[in-house]
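In what follows, every heavy atom counts, from backbone to side chain, and hydrogens, waters and symmetry copies are set aside.
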Amino acid sequence: MSPQPVLLVVAHGSRDPRHAATVHALVRRVRAVRPQLRVETGFLDFDVPSVPGVLETLAADGVRDVVALPLLLTRAFHAKTDIPAVLRQAPPGLRVRQADVLGPSPLLTAALERRLHEAGLSPADKSSTGVVLASAGSSDPEAIAVIADIAREWWRTGWCAVRPAFASASLPRTEDAVRELRELGCARVAVAPYVLAPGFLPDRIARGAAGADVLADVLGPAPEVARVLLERYDAARLPLVAALGA
């Protein structure tokens with residue numbers, strides 16, 4: 001039987017050192033869940049190792065099959081353009097398959113609720129609490145529509161209200177959504193950052209949450225996020241394994 005494909009987690013990268021630290025913490029959790037799987041991390045910008053550098057190393061190690069998993073919550077420019085362009089430059093003989101982005105997923109919604117509970121909300125608070133689903137934002141209409149769909153589905157689980165908000169490129173901003181929920185009459189308002197790691201835009205979300213009662217942490221290395229990574233990996237690896245007859 002051929003070895004299982006290597007999982008290459010492709011992160012955006014940031015000048016903020018908290019970003020890489022959070023990505024590495026998430027990858028450590030994935031390795032702990034599936035210790036027999038080789039998991040590597042590559043960054044598109046700012047941090048090392050770079051994605052091309054990791055692919056070169058894997059090829060030099062004799063690896064033949066790689067599942068590249070975008071550490072992204074929506075399918076926008078990076079997933080559709082940047083990452084495929086980088087992966088096309090992989091060394092000859094290295095078969096690379098790009099997995100789907102992480103969201104949407106019920107597991108990510110569960111991770112959002114985990115972070116809200118860790119920030120002080122209890123399940124009994126749900127029906128009287130309005131939530132701002134605060135994402136980084138995008139100019140891609142598909143990505144914006146996905147965030148709106150998640151907010152709508154999450155509201156149906158029993159929250160007073162759920163409103164999407166964006167830190168860039170789109171409106172409303174977090175502070176505007178907080179104000180709207182206050183005016184709607186929710187007893188308390190919570191902000192749930194739908195982002196994976198700290199950085200410039202998550203800090204903007206935090207500033208916009210100044211008028212809220214609760215601000216949750218970023219998703220980071222939540223166990224549910226690690227499970228989504230492995231789900232996406234498994235879905236992408238099956239065609240590779242089938243092609244090899246393994």
Side-chain angles (χ1 to χ4, degrees), residues 7-33 39-51 53-54 68-74 76-79 82-83 86 101-103 105 107-121 131-138 143 147 150 164-170 173-175 177-178 190-230 232:
L7 169 56
L8 171 57
V9 177
V10 180
H12 183 273
S14 171
R15 292 186 177 88
D16 189 324
R18 296 174 298 167
H19 175 89
T22 303
V23 170
H24 291 311
L26 174 58
V27 169
R28 285 194 297 272
R29 186 178 287 275
V30 171
R31 290 181 179 132
V33 173
V39 186
E40 302 292 343
T41 309
F43 295 91
L44 292 176
D45 207 352
F46 303 117
D47 294 298
V48 292
S50 68
V51 174
V54 176
L69 195 154
L71 202 58
L72 300 168
L73 295 172
T74 58
F77 180 79
H78 295 301
D82 280 359
I83 292 175
V86 171
V101 297
L102 303 183
S105 167
L107 285 169
L108 294 178
T109 306
L112 288 167
E113 297 215 7
R114 171 190 292 275
R115 293 302 190 226
L116 286 169
H117 294 157
E118 290 169 351
L121 283 182
V131 179
V132 178
L133 179 67
S135 74
S138 172
I147 300 300
I150 293 169
F166 308 95
S168 68
S170 306
R173 295 286 183 256
T174 301
E175 53 268 34
V178 168
V191 174
Y194 190 59
V195 293
L196 288 165
F200 176 76
L201 293 178
D203 284 350
R204 181 180 287 176
I205 289 171
R207 290 193 298 272
D213 301 294
V214 174
L215 171 62
D217 200 358
V218 299
L219 295 174
E224 295 88 353
V225 179
R227 286 173 59 194
V228 176
L229 261 72
L230 289 169
R232 298 294 184 256

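- Partners of Ala165 according to the side chain to side chain contact (heavy atoms under 4.5 Å, CB included) rule, which considers only residues two or more places apart in sequence or in another chain, are Val132, Thr174, Ala177.
- Qualifying side chain to side chain contact (heavy atoms under 4.5 Å, CB included) partners for Thr41, counting only residues two or more places apart in sequence or in other chains: Val23, His24, Val27, Phe43.
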Practice prompt. Starting from the C-alpha separation in whole Å, work towards a yes-or-no answer on side-chain contact (heavy atoms from CB on, under 4.5 Å) for Leu112 and Leu133.
Written response: CA-CA 9 Å; Leu112 288 167; Leu133 179 67; 3.6 Å; yes
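- Not counting sequence neighbours, the partners of Arg114 by the side chain to side chain donor-acceptor pair (under 3.5 Å) test are Glu224.
- For the residue pair Pro198 and Val218, the shortest heavy atom distance occurs at CD-CG2, 4.0 Å.
- Contacts of Ser168 classified as side chain to side chain contact (heavy atoms under 4.5 Å, CB included), with partners at least two apart in sequence or in another chain: Leu201, Arg204.
- Partners of Asp82 under the salt bridge (charged side-chain N to carboxylate O under 4.0 Å, His left out) rule, at least two apart in sequence or in another chain, do not exist in this structure.
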Item to complete: Kindly determine whether Leu69 and Leu102 satisfy side-chain contact (heavy atoms from CB on, under 4.5 Å), including the steps that lead there.
Response: CA-CA 9 Å; Leu69 195 154; Leu102 303 183; 3.6 Å; yes
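- Arg115 contributes no side-chain N or O that, together with a main-chain N or O of Ala192, makes up a donor-acceptor pair within less than 3.5 Å.
- For the side chain to side chain contact (heavy atoms under 4.5 Å, CB included) test, no residue two or more places apart in sequence or in another chain qualifies with Ala210.
- Looking at every heavy atom in both residues, Leu215 comes nearest to Ala209 through CD1-CB, 3.9 Å.
- The list of salt bridge (charged side-chain N to carboxylate O under 4.0 Å, His left out) pairs with a residue in residues 17-26, not counting sequence neighbours, reads Asp16-Arg18, Arg18-Asp203.
- When the salt bridge (charged side-chain N to carboxylate O under 4.0 Å, His left out) test is applied to Arg207, no partner is found at least two apart in sequence or on another chain.
- Not a single side chain to side chain donor-acceptor pair (under 3.5 Å) links Arg232 to another residue, sequence neighbours left out.
- Just one residue in the list Val225, Leu196, Val10 forms a side chain to side chain contact (heavy atoms under 4.5 Å, CB included) with Leu71, and that residue is Leu196.
- Looking at heavy atoms from C-beta onward, His19 lies in side-chain contact with Asp47 at the 4.5 angstrom threshold.
- Going from atom CD1 of Ile150 over to atom OH of Tyr194 covers 3.5 Å, rounded to the nearest 0.5 Å.
- Taking every heavy atom of both residues into account, Val51 and Gly42 meet most closely at CG2-C, 3.7 Å.
- Side-chain N or O atoms of Arg29 include one that pairs as donor or acceptor with a backbone N or O of Pro221 at under 3.5 Å.
- Legend: residues meeting salt bridge (charged side-chain N to carboxylate O under 4.0 Å, His left out) with Asp45, ordered by chain and number and at least two apart, are absent.
- With sequence neighbours left out, the salt bridge (charged side-chain N to carboxylate O under 4.0 Å, His left out) criterion links Glu175 to no other residue.
- The nearest pair of heavy atoms linking Phe166 to Ser135 is CD2-OG, 3.1 Å.
- Considering all non-hydrogen atoms of both residues, Leu26 and Leu229 come closest at CD2-CD1, 4.2 Å.
- Nearest heavy-atom pair across Ala216 and Ala119 is CA-CB, 4.0 Å.
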